[in-house]
Number of protein chains: 2
Amino acid sequence: MTRLPGKTVERLSEYRRTLLECLIEKKSFIFSHDLAARLHITAVQVRRDLMLIGYSSVLRKGYDVRELIDTIGKIIDSEESMNVAVIGIGNLGRAVAGYFKGKRSKLSLVASFDNDPQKVNKVISGVKCYPYSEIERVVKELDIKIAILTVPPDFAREISEETVRFGIKGILNFTTIPLNVPSGVHLEEYDMITSIEKVAYFVKDNKI
Amino acid sequence: MTRLPGKTVERLSEYRRTLLECLIEKKSFIFSHDLAARLHITAVQVRRDLMLIGYSSVLRKGYDVRELIDTIGKIIDSEESMNVAVIGIGNLGRAVAGYFKGKRSKLSLVASFDNDPQKVNKVISGVKCYPYSEIERVVKELDIKIAILTVPPDFAREISEETVRFGIKGILNFTTIPLNVPSGVHLEEYDMITSIEKVAYFVKDNKI
DNA sequence: TGAGGGATGTTAATAATTTAACAATAAATC
DNA sequence: GATTTATTGTTAAATTATTAACATCCCTCA
């Protein structure tokens, strides 16, 4: 499978979650326009994305929900479970950790890190919290591949460099500090403040 | 000023924050390539964005940091302060609220909402928490224009419709439920799970 | 059995975004 | 003072992403 556009990967993730809801509704087949409507995108978009992953519908019945879930899984999931750590277990860190709780998927949250003595060596949001000094040992021993960075801005750069040195292959950076990582490591950044200011821009003077 | 591309607006927000750091460093002028490097983008990108907002450098000295901060402010900020509410004051809501604390900007967090009796009518992360039943009154009385949605998924649709009915003009949706809003209301959505799964996709088989 | 319809897969067109190219400018250097 | 150098603003090109167009399929119903 050739490398998919990032935007398509994002939508595949959303398709899968929508399809899982369909399963709950006992819906076995779904048309492109129905799936599209649930996500507020166009049916063409859906069909084009599914074309890219080579999935075909059952004619006149739409897409087989269960089969499509599996197909998307084969594309975006790793074979084996991939281990994730949340670094910085403040409000945002706990929120992120919460998303993993009770979900069984190919992504397992296996550790968190923080230096707050109130948190260290306790189980928080379902996962043990280690001090930053143990990042090297824990990342290596637990074979952690992805780090979600929710630390205060001042630590962001240092911690990201460390984790990369210890074998992390993907970082999701929620701090306001832009990071850079060596090639071979995937970096995804999200900045809430930017999003908020963007909304404000479009609201002001009703630029819509 | 004609409507700017969304991506440019996002970067303007980032430029401004980077420039504020420059001020702290007592840096009065900055070259496009320096600003670009700090954000890990290209100098052309910076120059093009600034062209769009019609800001010119002082020749051979680069951009006047303070002046550019003001210029960006004039573009992306509203004249008067704009009021914001966080709806759902769980971990994520508190994290978002935290970003506003102590910052003086044209965006003011003036209320939060939640139904948890432990939270209602208390001040949390610097802002009073009201029960959902008071959304109408509070949104109108405090003239709240932007809602940041951090409620559990089941409430998302209902609450978003309410807030719009009561006068909200912009929504930043952090729930996993895709919303739709009438035209005239700006919607910005961010889905953490999608980001995490995207990182995992690019990490697996090292698709980088 | 064949015409009509509804949905798909795919190619082509359009739109949005980023990157490149380069002339213009003035400070620095000789 | 001429020449080199560094940086900008802007137009043009390339890339990426979305939307439209349409032939195709086969089910339905006459």
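Each chain gets a letter, A, B and so on, in the order the sequences are listed, and its residues count up from 1.
- For the pair A/H40 NE2 and D/dT18 C1', the interatomic distance rounds to 18 Å; values are reported in whole Å.
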For nucleotides 5-12 of chain C, just jot down a letter per nucleotide in 5' to 3' order: B, S or -, based on protein non-hydrogen atoms under 4.0 Å.
-BSBBBBB
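- Put simply, NZ on A/K7 is 13 Å from C1' on C/dT18, counting in whole angstrom units.
- The distance from atom CG of B/L4 to atom P of C/dT17 is 11 Å, rounded to the nearest whole Å.
- In this structure, B/Q45 reaches the C/dT19 phosphate: one of its side-chain N or O atoms is under 4.0 Å from OP1 or OP2.
- In terms of the ring pair (Phe, Tyr, Trp, His ring centres under 6.0 Å) criterion, A/F174 has no residue partners (sequence neighbours excluded).
- Summarising the geometry, the separation between CG on B/D49 and P on C/dT18 is reported as 8 Å, rounded to the nearest angstrom.
- Legend: side-chain hydrogen bond (donor to acceptor under 3.5 Å, both in side chains) pairs involving residues 136-152 of chain B, not counting sequence neighbours, sorted by first then second residue: B/E134-B/R137, B/E136-B/K140, B/R137-B/E141, B/D143-B/K145.
- Among residue pairs with one or both ends in residues 23-34 of chain A, those qualifying as side-chain hydrogen bond (donor to acceptor under 3.5 Å, both in side chains) are A/E25-A/R38, A/K27-A/D34, A/D34-A/R38; sequence neighbours excluded.
- Under the rule for a ring pair (Phe, Tyr, Trp, His ring centres under 6.0 Å), A/F166 has no partner lying at least two apart in sequence or in another chain.
- Note on residues 62-83 of chain B: pairs passing salt bridge (Lys or Arg N to Asp or Glu O under 4.0 Å), not counting sequence neighbours, are B/R16-B/D77.
- Between B/F113 and B/Y130, the two ring planes are tilted [angle within 30° to 60°].
- With rounding to whole Å, B/D34 atom CG is found 10 Å from D/dT7 atom P.
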